[in-house]
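In what follows, a structure is listed as structure tokens, so that the remarks can point back to it.
All chains are named by letter (A, B, ...) in the order of the sequence lines, taking the proteins before the strands, and each is independently numbered beginning at 1.
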Amino acid sequence: MKIWNTYTNQLEDFVPKREKEVSMYVCGPTVYDHIHIGNARPVIFFDTVTRYFSSLGYHVRFASNFTDVDDRIIERARKEQRTELEVGDYYIRQFLEAAESLGSKTDYIQPRVTEYMDKIIDFIQELVEKEAAYVVDGDVFFRVSKVAEYGHLSNRNLDELQAGARIELNQRKESPLDFVLWKKTDSGIHWHSPFSDGRPGWHTECVVMVDSIFHSEIDIHGGGSDLVFPHHENEIAQAIVSRHHRLARYWLHNGRLNIDGAEMHKSEGNALFVKDLPGDKRAFRLFMLSTHYRSPINFRFESLSVYENEWKKLENTIKSLFRNSELATDQTPIQDRELAMIQQYKTQFIEAMELDFNTPNAITALWGLTKQANIFLKEKASGATLKKTVDQLRAMLDILGVPVCVKSLSADEKKLFAEWETLRLKKEWAKADELRKELQKRELL
RNA sequence: GGACCCAUAGCCAAGCGGUAAGGCACGGGACUGCAACUCCCCCACCACCAGUUCAAAUCUGGUUGGGUCCUCCA
């Protein structure tokens with residue numbers, strides 16, 4: 001498997017630290033509001049990644065955090081006269097609901113910053129002791145000059161960063177590049193620490209949670225491309241001075257999503273929440289996966305309807321295949337030729353996924369098999385052939401996270417189909433249509 | 001101002017040196033009791049200019065037009 005590693009800026013063979021095991025961490029949401037469809041991109045993509053690894057037999061240890069300490073949460077809490085924890089809890093639930101609606105699994109490890117406060121403070125203390133951080137009036141800053149390779153991930157050098165840095169209001173920093181690890185404050189939720197009463201900076205939390213959960217360098221660290229600098233750069237810097245590794249071996253970043261060509265901002269009022277997305281969310285997921293994860297993607301309502309139709313088409317085929325495989329009387333074993341056809345698309349699908357999770361090409365394979373499936377149906381292929389096809393199709397859809405629900409027909413239901421078939425043969429259209437209505441009503445047709 | 005990315009049919013979107021995948025829409029057929037579904041065919045000189053090469057959408061330089069990061073942001 002090849003993966004594009006932002007750290008080395010090239011395609012690399014993926015070799016996990018431990019055989020058949022993948023450790024992965026993705027920066028999660030700050031829970032101060034509902035998630036918008038841009039936030040949904042990593043939620044969908046990295047879920048697809050874990051699904052793919054699982055399908056290959058890997059044991060996936062996946063963690064993604066909730067940032068439940070943040071100025072925006074405090075502001076929200078103040079406005080709504082609730083505690084920060086209540087606000088956080090509420091939006092965490094909302095997030096999980098949204099993630100689930102998008103077809104993403106929610107049974108992964110979900111650390112919350114507030115649960116790691118002791119460890120965060122200890123970690124900052126450790127950085128101070130190692131002289132990688134310094135305290136000024138209760139604030140703690142990370143000393144970027146301690147890390148020779150600072151800027152490697154985001155591919156920029158210190159001179160450029162210095163030159164490009166805005167005028168720094170905070171004269172207490174040794175360098176404008178230094179970032180806050182701990183901020184002294186007595187307003188809003190805050191904690192005691194050896195430095196002062198205050199709150200942690202947001203670059204530290206992820207490092208501490210990764211370290212606490214995985215206890216070593218992980219395989220994959222992911223997030224949106226906008227996190228490359230400074231967030232992930234700063235995470236690496238802290239890991240290097242404290243743990244002598246770069247936190248993760250592979251850094252994956254998904255591209256941004258725009259609406260009608262414009263950037264989406266909650267503050268600008270053009271944000272579209274996942275919960276407000278019209279139609280079947282699986283169509284939206286299909287839309288997301290139809291563009292390579294590293295490319296920017298532009299959302300339009302018109303394109304959504306296209307994917308609704310595509311989704312329906314897939315669903316129709318699967319249901320029809322499944323039904324016919326159940327009803328088939330011909331149980332001749334599948335022929336080599338047919339098996340080869342199915343296999344061909346399976347191979348195409350896997351090869352696409354193996355090349356940096358190329359879901360657009362994987363979907364092309366999905367379409368190829370869908371077409372083949374309809375041809376099998378038309379040719380009245382044997383039940384075994386239809387079964388094999390539908391199994392393969394469903395395996396693909398499962399990896400993409402857009403499953404179609406089908407359930408076996410009861411004896412009674414099979415009888416209904418048989419009667420319908422008889423009536424049609426007898427050309428008793430009125431009675432046949434009545435049965436068809438019944439079948440449709442039971443969502444069998 | 002610095003760093004970087006992108007430009008492929010009406011729309012969406014693969015490809016990353018050997019003469020353009022796929023989907024939607026359009027058009028033409030087929031199947032069909034009616035619906036729905038489905039199948040087949042058709043549909044691109046890859047923004048522009050110059051170069052490298054036997055060979056370029058794919059590499060190099062330039063032009064134009066978009067976008068991202070440098071600041072909270074997935």
Nearest-neighbour nucleotide for the Arg156(A) side chain, C70(B), G22(B), A74(B) considered: C70(B)
Residue Asn258(A), side-chain atoms from C-beta onward, closest of C70(B), G67(B), A74(B): G67(B)
C1'-based separation of G62(B) from A25(B) [nearest Å]: 37 Å
C6(B) to C45(B) separation - P atoms, rounded to the nearest Å: 24 Å
Parallel, tilted or perpendicular: rings of Tyr134(A) and Phe141(A) (30°, 60°): tilted
Residue mapping more 5' on RNA chain B - nearest nucleotide basis, Asn358(A) or Tyr307(A): Tyr307(A)
Glu205(A) versus Thr67(A), side-chain donor and acceptor atoms under 3.5 Å: yes
Touch class at under 4.0 angstrom, heavy-atom based, for His292(A) against every strand present: sugar-phosphate
Who pairs with A3(B) - Watson-Crick or G-U, where each distance is under 3.5 Å: U68(B)
Inter-nucleotide C1' distance (U63(B), G22(B)), Å rounded: 33 Å
Under 4.0 angstrom between Arg300(A) side-chain N/O and C12(B) OP1 or OP2: yes
Pairwise P distance for C43(B) and G33(B), with rounding to whole Å: 32 Å
Whether Tyr91(A) and His34(A) hold their rings parallel, tilted or perpendicular, with breakpoints at 30° and 60°: perpendicular
For nucleotides 30-33 of chain B, which of its nitrogen or oxygen atoms have a protein nitrogen or oxygen under 3.5 Å away, and what is each distance?
from, atom 1, to, atom 2, distance (Å)
G33(B), N1, Asp433(A), OD1, 3.0
G33(B), N2, Asp433(A), OD2, 2.9

Whether Phe45(A) and Tyr293(A) hold their rings parallel, tilted or perpendicular, with breakpoints at 30° and 60°: parallel
Any Lys437(A) side-chain nitrogen or oxygen under 4.0 Å from OP1 or OP2 of A35(B): no
Touch class at under 4.0 angstrom, heavy-atom based, for Ser303(A) against every strand present: nothing
Which nucleotide in C40(B), C24(B), C69(B) has an atom nearest any side-chain atom of Arg256(A): C69(B)
Residues, nucleotides or ligands: over 12 heavy atoms within 6.0 Å of Lys415(A) NZ: no
Rounded P spacing from C12(B) to A7(B) in Å: 13 Å
Candidate nucleotides A74(B), C72(B), A21(B), ranked by approach to the side chain of Asp226(A) - the nearest: A74(B)
Contact under 4.0 Å: Asn254(A) side-chain N or O vs A74(B) OP1/OP2: no
Which residues share a ring-ring contact (aromatic ring centres under 6.0 Å, His included) with Tyr90(A), sequence neighbours left out: none
Pairing partner of C31(B) (Watson-Crick or G-U wobble, both distances under 3.5 Å): none
N/O (side chain, Asn374(A)) to phosphate O (OP1/OP2, U38(B)) under 4.0 Å: no
Aromatic plane relationship, Tyr250(A) with Phe14(A) - under 30° parallel, 30 to 60° tilted, over 60° perpendicular: tilted
Separation of atom NZ in Lys312(A) from atom P in C37(B), rounded to whole Å: 10 Å
Touch class at under 4.0 angstrom, heavy-atom based, for Gly368(A) against every strand present: nothing
All ring-ring contact (aromatic ring centres under 6.0 Å, His included) counterparts of Tyr307(A), not counting sequence neighbours: Phe287(A)
Residue Gln440(A), side-chain heavy atoms: nucleotide from A21(B), C4(B), A35(B) that is nearest: A35(B)
Lys319(A) side-chain N/O to C37(B) phosphate OP1/OP2 under 4.0 Å: no
